[in-house]
Protein chains: 2
Amino acid sequence: MVRRQLNGAAAPPDPARMFDTVEFRDAYRISYLTNAIVVPTYEAIRRDFGIIRAEYVLLLCLAHFPVLTARDVSRITRMPRNSLSRAVHRMLAEGYLDRSPDPSDGRQARLTLSPRGRGLHEQIVARLVKRQEEILAPLNVKERRQLDRLLGALHE
Amino acid sequence: MVRRQLNGAAAPPDPARMFDTVEFRDAYRISYLTNAIVVPTYEAIRRDFGIIRAEYVLLLCLAHFPVLTARDVSRITRMPRNSLSRAVHRMLAEGYLDRSPDPSDGRQARLTLSPRGRGLHEQIVARLVKRQEEILAPLNVKERRQLDRLLGALHE
DNA sequence: AGAATATAGTTCCATATGGAACAAGACTGC
DNA sequence: GCAGTCTTGTTCCATATGGAACTATATTCT
């Protein structure tokens, strides 16, 4: 079974070669990591757990801060308010969330995870920890510390 | 001007604290970098140059490989074929692209950048190089080499 | 050669996404 | 106290996105 060249005139494009010639290699690498790893991971979560990105983001934030408003989550994650509004309603309907009006401010509502939501979060975390392990597999312990430090520095 | 606490009972959520407690910190950091940097950059390109992600991806690939088929671009970037089909048509209509049927295979078409497309690419590259410079500003030269090496290793 | 299979590109459709406008509640300064 | 302004959460809408089916061409196998 002969593998044809991908196009007649030029050499078959080796995706890796992009990294050698692109003018903003590190940004391109981060973007590539995203498309190759982060996006498919969101996709897998959607497929296996039935929640979309905004819902997952909500879950993650509430698992780390016991009580938040939708606006808080928006600020933490930079996700638009309307996407989070939808997410809150769907998570409420699924029983992953509890919501109670803030007595001191009639506009906002205090959100917390229900036990069911906490269970879902634990499942997803297990999945993501495993996925991160696969991603970082090429690095040894010292290199992982370096990467962690460098990524941390990028957040200022 | 007093800044109110973001919610009544708990401490105001410090987004950075997520990095301390999340169970998959590095994956989260990469994802966060994406949402905070890569996505807004795509957004700025869309706003300022009027092209969307698939179109930008097409432009970038063709700037680095002189002639490709749409399928090649799909393989390089892992972007679905139909998104690229749309992108090709819009870039053709805008005059950024040339397309000629492959004489040896009636199914595929050979794509190349027009001079206009090359000009657009140069503008966008200048923008992205500047943006990367801002992103990497917190790192010194040695740290940048380290980061580059580590990100490279992650691609196996 | 002809049937079965594979591939490139396209179209159709369902859904995710975010901007903008809006309503209700809260704050500001006079 | 109240007019003007700001903030939260919501709805409406336009668009980006990708899965799946489809057409036309190419390849493989007998």
Side-chain angles (χ1 to χ4, degrees), chain A residues 1-8 12-13 34-35 39-40 42-47 50-58 67-93 97 99-111, chain B residues 1-8 12 34-35 38-40 42-47 50-58 67-93 97 99-111:
Chain A
M1 189 228 290
V2 177
R3 178 165 275 290
R4 275 187 82 251
Q5 276 201 339
L6 286 172
N7 54 56
T34 298
N35 291 333
V39 171
Y42 277 135
E43 181 56 28
I45 289 175
R46 192 182 66 74
R47 182 167 28 79
I51 65 172
I52 64 176
R53 215 179 93 212
E55 290 155 12
Y56 156 73
V57 152
L58 188 58
V67 48
L68 294 173
T69 68
R71 180 64 202 192
D72 291 338
V73 178
S74 170
R75 272 199 251 279
I76 294 173
T77 64
R78 301 176 182 226
M79 178 159 286
R81 295 181 303 282
N82 55 359
S83 297
L84 287 169
S85 175
R86 276 188 300 261
V88 166
H89 286 292
R90 282 182 52 180
M91 298 295 267
L92 279 172
L97 233 61
R99 178 172 63 169
S100 66
D102 185 330
S104 73
D105 188 334
R107 293 168 304 180
Q108 56 192 19
R110 299 154 47 90
L111 305 172
Chain B
M1 189 228 289
V2 176
R3 178 166 276 289
R4 275 189 82 251
Q5 276 202 339
L6 286 171
N7 54 58
T34 299
N35 291 332
V38 178
V39 171
Y42 278 136
E43 181 56 27
I45 289 176
R46 190 182 66 73
R47 180 168 29 80
I51 66 172
I52 64 176
R53 216 181 94 210
E55 289 155 12
Y56 156 73
V57 153
L58 188 56
V67 47
L68 293 173
T69 67
R71 180 66 205 196
D72 291 339
V73 178
S74 169
R75 281 209 221 343
I76 294 173
T77 63
R78 301 177 182 226
M79 178 159 286
R81 296 180 302 281
N82 56 358
S83 298
L84 288 169
S85 175
R86 275 189 301 259
V88 166
H89 286 293
R90 282 183 51 181
M91 298 295 268
L92 279 173
L97 233 62
R99 178 172 62 169
S100 65
D102 186 330
S104 72
D105 188 335
R107 293 168 303 181
Q108 55 191 21
R110 298 154 48 91
L111 305 171

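Letters A, B, ... mirror the listed sequences (proteins, then strands); counts begin at 1. All values derive from a computational prediction rather than experimental measurement.
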Rounded distance in Å - [atom1] ([X]) to [atom2] ([N]):
X: B:Arg90; N: C:dT10; atom1: CZ; atom2: P; value: 15 Å
X: A:Asp105; N: C:dA24; atom1: CG; atom2: C1'; value: 11 Å
X: A:Arg110; N: C:dG25; atom1: CZ; atom2: P; value: 19 Å
X: A:Arg47; N: D:dG19; atom1: CZ; atom2: P; value: 10 Å
X: B:Leu111; N: C:dA8; atom1: CG; atom2: C1'; value: 11 Å
X: B:Asp102; N: C:dG9; atom1: CG; atom2: C1'; value: 13 Å
X: A:Tyr42; N: D:dG18; atom1: OH; atom2: C1'; value: 18 Å
X: B:Arg46; N: D:dT15; atom1: CZ; atom2: P; value: 10 Å

Measure the spacing between [atom1] of [X] and [atom2] of [Y] and express it to the nearest 0.5 Å.
X: B:Ile51; Y: B:Tyr56; atom1: CD1; atom2: OH; value: 8.5 Å
X: B:Arg110; Y: B:Asp102; atom1: CZ; atom2: CG; value: 6.0 Å
X: A:Arg75; Y: A:Arg71; atom1: CZ; atom2: CZ; value: 4.5 Å

Q: Under 4.0 Å between any heavy atoms, over every strand shown, what does B:Arg78 touch: base, sugar-phosphate, or nothing? Just pick one.
A: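 Nothing, no nucleic acid heavy atom in range.
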Q. Base, sugar-phosphate, or nothing: which does B:Arg99 touch, judged by heavy atoms less than 4.0 Å apart?
A.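 Sugar-phosphate contact only.
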Q. Between B:Arg71 and C:dG9, is there a side-chain N or O to OP1/OP2 distance below 4.0 Å?
A.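 No, outside the criterion.
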Q) Counting only side-chain N and O atoms of B:Arg75, is one of them less than 4.0 Å from OP1 or OP2 of C:dA8? A) yes
Q: With a 4.0 Å heavy-atom cut-off, tell me which residues in residues 79-88 of chain A come close to DNA chain D, sorted by residue number.
A: A:Arg81, A:Asn82, A:Ser85
Q) Quick one: bend of the helix from C:dA1-D:dT30 to C:dC30-D:dG1 from 5 pairs per end, to 10°? A) 30°
Q. From the list D:dG9, D:dT17, C:dG9, which nucleotide is the closest neighbour of the side chain of B:Arg53?
A.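 Closest nucleotide among those given: D:dT17.
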Q: Apply side-chain hydrogen bond (donor to acceptor under 3.5 Å, both in side chains) to A:Arg90 and list each qualifying residue two or more places apart in sequence or on a separate chain.
A: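 A:Glu55.
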Q) Taking only residues two or more places apart in sequence or in another chain, which ones pass side-chain contact (heavy atoms from CB on, under 4.5 Å) with B:Leu97? A) B:Leu58, B:Leu62, B:Val88, B:Met91, B:Leu92, B:Leu111, B:Leu113
Donor-acceptor contacts under 3.5 Å from residues 76-86 of chain B side chains, at least two apart:
unit_1: B:Thr77; atom_1: OG1; unit_2: B:Val73; atom_2: O; d: 2.8
unit_1: B:Thr77; atom_1: OG1; unit_2: B:Met79; atom_2: N; d: 3.4
unit_1: B:Ser83; atom_1: OG; unit_2: B:Arg86; atom_2: NH2; d: 3.3

Q: Could you say whether A:Glu43 or A:His89 is positioned toward the 5' end of DNA chain D, judged by the nucleotide with the nearest heavy atom to each?
A: A:His89
Anything under 3.5 Å between a protein N or O and an N or O of nucleotides 1-6 of chain C, put it in a table, one pair a line.
none

Q: Name the residue closer to the 5' end of DNA chain C, choosing between A:Pro103 and A:Ile52 according to the nucleotide with the nearest heavy atom.
A: A:Ile52
Show the distances under 3.5 angstrom between N or O atoms of the protein and N or O atoms of nucleotides 1-5 of chain D.
none

